[in-house]
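For reference, positions follow the sequence shown, starting with 1. These numbers were taken from a predicted model, which means no experiment stands behind them. Side chains included, hydrogens not; waters and symmetry mates left out as well; all remaining heavy atoms used. When a ligand or atom number is given, it counts from 1 through the structure's own listing order.
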Amino acid sequence: MIVPGSSSQLLAAALAEETGRPLATPTYDRFPDGEGLAAVPDFDGESATVVATTDSDAAWVELLQLQDAVREAGATDVTTVVPYMGYARQDRSFGDGEPVSARAMARAISTGTDRVVLVNPHERDVADFYDMPVETVDAAAVLADPLPADLADPLFLAPDEGAIDIAETVRDAHGTGEVDYFEKRRDRDTGEVEVSPSDAPVADRDVIVVDDIVATGSTMSESVSVVTDRGAAGVVAACVHPMLAANAVTKLRSAGVDRLVGSDTIERGCSVVSVATPLADALESAGPN
Ligand code: R5P
């Protein structure tokens, strides 16, 4: 059975459809003292695929509870799909006394599962923090689906070096276009982002800025401002994980984004594409269920 976390109900339903597996209907309650209680009253079967994006601390706790609940309900094999792995950007200790938060989270959910499937984790190396087999799925190609076929001399732009791979993946899925990237520097204290633009000509071209995640929107909006100022014909901001924290959406609009495209790893208004198909393929090769 596919068992959704509360933040991944649409994706879990799409995955159930895609794989032909039944979809459980968990309950998500909260006690007066604030503690959560996620349960699986209708779970029936020996294998469970828990699908839970971890975009908040509460979502991590809920995932732990769902893993435990399915075992209590009789599952002998558990796959944990984490469409968006929160804390993945804290993949090392950045200062004295700081934790490697991604490792702490990975260890916590390792105990309740037989395997883990991650979608475009910030760095693939976070997979090493888990104590069991991990499959990482690159779902970036789905971001090309909503792009019109007649883009004007398209430029697929990575806002920093780390995003070049996914910009290339989206360009390849679209079928044509150039790939370029900016250099980025973030002030760790203020969070402010500065980009050093490349000199790629953008005037009268359609620019698709591609990143793994839009969190505060600073990286994306800085890059979009540059290409808008340089006369791009149209600007699409595309990301796998549309976290869109705080005022990210208005920052992007002010910078000149014409269209925001995200996937359903985090379910938002801009989640116009689904990672269900690449996930279903990965589940097929990942093991039982
Ligand atoms: C960083 O390397 C990531 O790929 C993203 O560019 C970054 O995390 C986006 O964060 P924000 O939206 O806060 O600038």
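The pair Arg205-Glu178 meets the salt-bridge criterion, with a side-chain N (NZ, NE, NH1 or NH2) lying under 4.0 Å from an Asp/Glu carboxylate O. Of the charged side-chain nitrogens involved, none lies within less than 4.0 Å of a carboxylate oxygen, so that Arg92 and Asp128 do not count as a salt-bridged pair.
Using a distance-only test at 3.5 Å, with no hydrogens or angles considered, no donor-acceptor pair links the side chain of Thr53 to the main chain of Asp55. The main-chain N or O of Ala24 is never found under 3.5 Å from a side-chain atom of Asp42 such that the two would form a donor-acceptor pair.
The 4.0 Å heavy-atom shell around ligand 1 contains residues Arg89, His122, Asp160, Lys184, Arg186, Asp211, Asp212, Ile213, Val214, Ala215, Thr216, Gly217, Ser218, Thr219, ordered by chain and number.
Using modelled atom types and a 3.5 Å distance limit, the side chains of Thr277 and Glu18 yield a donor-acceptor pair. Using modelled atom types, one finds a donor on one side chain and an acceptor on the other under 3.5 Å when comparing Asp57 with Tyr87.
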